Amino acid sequence: MAISIDPERIREYQTQGYTLLPGALPPEMLQRLREECAYFVGYTDARMQAKGVETEFITHRGKRYFISGQYRKSRYLPEFLFGDLMASVARAFAGDEAYLFVEQWVVKGAEEGMKFAWHQDAGYVVSLDPKNDPPPYITCWIALDDMSDANGTISVLPHERVGTAGRVLPHTREPGSNDMIGYTGDDPGEPIECPAGSIAVFSSTTLHRSSANTSNALRRAYLAQYSVAPVYASSGQQWAFAMPFLRGGENVYDPANDKGAEGALLFSRDS
């Protein structure tokens with residue numbers, strides 16, 4: 001199902017580095033993503049328990065999950081990631097050339113889900129590979145629950161307020177959480193409060209963070225990141241995925257060719 005993108009949303013993204021597409025997902029698509037999320041959180045819990053660990057990189061069992069690079073294990077996720085709806089979004093904000101770069105679940109536990117510090121997504125690439133200058137990419141942050149400050153929604157900082165249009169800031173690692181921090185100023189940012197099924201789209205250099213989940217339910221989101229070109233480390237190694245999606249504005253995804261190995265992920269392979 002393709003969707004129409006309001007030109008004002010594109011303008012907002014281009015000038016401020018983010019925009020919101022309220023209620024973009026139909027109910028049946030939202031429900032399928034929730035079911036997939038439950039499976040992968042359960043899988044991660046069982047694996048971490050078997051290993052006897054509570055923390056893997058930035059995943060903290062029962063508190064905060066970042067589950068990356070698993071879409072090929074799902075019968076449904078390829079259909080979603082490379083479907084008409086996401087093609088509409090990628091075409092509007094990434095352009096006519098787009099590759100799947102990263103996909104991941106981000107889940108916060110009820111009443112104790114951890115905060116996530118101010119960072120740019122590109123800051124993780126550069127922090128792990130200081131010689132790198134990654135091509136632009138978009139993050140599509142898909143709300144699987146109604147999002148509010150109480151359950152730990154994200155906040156974003158507009159480009160014009162911090163000068164981040166096309167600019168990656170230095171990041172430092174926070175002890176304990178393993179978060180990368182790219183901003184320590186006083187600006188509280190703009191909270192993204194939206195109904196389930198909405199998509200917040202922001203650039204790879206947009207600063208964003210999230211507060212703790214103080215509600216009595218999980219706070220679930222799914223991220224799909226699309227780059228304008230494959231992302232490589234300065235060593236020549238591929239970062240994450242580089243699966244062709246759009247070429248000349250046309251959807252060129254071929255599931256028969258989606259069998260290649262991903263490169264080094266920004267987040268732990270099993271996080």
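These figures come from a predicted structure and were not determined experimentally. In what follows, residues are counted from 1 in the order of the sequence shown.
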Step-by-step side-chain contact (heavy atoms from CB on, under 4.5 Å) determination, Leu223 to Val106:
CA-CA 7 Å; Leu223 270 69; Val106 181; 3.7 Å; yes
Check the pair Lys108, Lys63 against side-chain contact (heavy atoms from CB on, under 4.5 Å), reporting the backbone distance first and the verdict last.
CA-CA 6 Å; Lys108 296 189 177 189; Lys63 299 179 180 179; over 6 Å; no
When you look at Ser234 and Asn132, which way does the side chain to side chain donor-acceptor pair (under 3.5 Å) test go after all the steps?
CA-CA 5 Å; Ser234 57; Asn132 202 0; over 6 Å; no
Checking Asp121 against Thr139 for the side-chain contact (heavy atoms from CB on, under 4.5 Å) test, could you report, in this order, the C-alpha distance in whole Å, the side-chain angles of both residues, the deciding distance, and whether it holds?
CA-CA 8 Å; Asp121 287 336; Thr139 294; 2.7 Å; yes
Report the C-alpha distance between Val126 and Asp133 in whole Å, list the side-chain angles of each, state the deciding distance to 0.1 Å, and finish with yes or no for side-chain contact (heavy atoms from CB on, under 4.5 Å).
CA-CA 7 Å; Val126 175; Asp133 184 16; over 6 Å; no
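Summarising the geometry of Ile181 relative to Ala117, their closest heavy-atom pair is CG1-CB, 3.6 Å, with the distance given to 0.1 Å. Scanning all heavy atoms of the two residues, the minimum distance from Val102 to Ala240 falls at CG2-CB, 3.6 Å.
For Arg61 and Glu56, the salt-bridge test fails: no basic side-chain N is under 4.0 Å from an acidic carboxylate O. Taking the charged nitrogens against the carboxylate oxygens, Asp145 and Arg219 have no contact shorter than 4.0 Å, which rules out a salt bridge. Of the charged side-chain nitrogens involved, none lies within less than 4.0 Å of a carboxylate oxygen, so that Glu36 and Lys73 do not count as a salt-bridged pair. Taking 4.0 Å as the cut-off between side-chain N and carboxylate O, Glu190 and Arg161 count as a salt-bridged pair.
Aromatic ring pairs are classed by plane angle as parallel below 30°, tilted from 30° to 60° and perpendicular above 60°; the pair Tyr43 and Tyr39 is parallel. Note on ring orientation: taking the six-membered ring where Trp is involved, the planes of Tyr183 and Trp118 are perpendicular (angle over 60°, cut-offs 30° and 60°).
Leu100 and Val228 are members of different hydrophobic clusters when ILVMFWY side chains are connected at heavy-atom separations under 4.5 Å. If you chain together hydrophobic residues whose side chains sit under 4.5 Å apart, Met1 and Leu144 fall into the same group. Cluster membership check: Tyr226 shares its hydrophobic cluster with Trp105, using side-chain heavy-atom separations under 4.5 Å among Ile, Leu, Val, Met, Phe, Trp and Tyr. Linking Ile, Leu, Val, Met, Phe, Trp and Tyr whenever their side-chain heavy atoms come within less than 4.5 Å leaves Val168 and Val156 in two separate clusters. Note: the hydrophobic cluster containing Leu25 also contains Ile138 (ILVMFWY, side chain heavy atoms under 4.5 Å, direct or indirect links).
Tyr99 is linked by a ring pair (Phe, Tyr, Trp, His ring centres under 6.0 Å) to nothing, counting only residues two or more places apart in sequence or in another chain.
Here the OG-NE2 distance, from Ser203 to His159, works out to 3.5 Å after rounding to the nearest 0.5 Å. Taking CZ of Phe245 as the start and CG of Asp254 as the end, the distance is 13.5 Å to the nearest 0.5 Å. Between the CG atom of Asp187 and the OG atom of Ser155 there is a distance of 9.5 Å, given to the nearest 0.5 Å. Here the OG1-CG distance, from Thr205 to Leu169, works out to 8.5 Å after rounding to the nearest 0.5 Å. Taken from CD1 in Ile192 to OG in Ser210, the straight-line distance is 12.0 Å, to the nearest 0.5 Å. How far CD of Glu97 is from CZ of Arg91: 11.5 Å, rounded to the nearest 0.5 Å.
Screening Phe93, Phe202, Tyr18 for a ring-ring contact (aromatic ring centres under 6.0 Å, His included) involving Tyr13 leaves a single residue, Phe93. None of Leu20, Val89, Ile5 except one satisfies the side chain to side chain contact (heavy atoms under 4.5 Å, CB included) rule with Val201; the exception is Val89. Among Tyr71, Phe82, Phe101, the single residue meeting the ring-ring contact (aromatic ring centres under 6.0 Å, His included) criterion with Phe241 is Tyr71.
Side-chain contact check for Asp45 and Tyr65: at least one donor-acceptor pair (N or O, by modelled atom type) lies under 3.5 Å.
Within 6.0 Å of CD on Glu35 lie more than 12 heavy atoms contributed by other residues, nucleotides or ligands.
Checked against the 6.0 Å centroid criterion, the rings of His119 and His208 qualify as a close aromatic pair.
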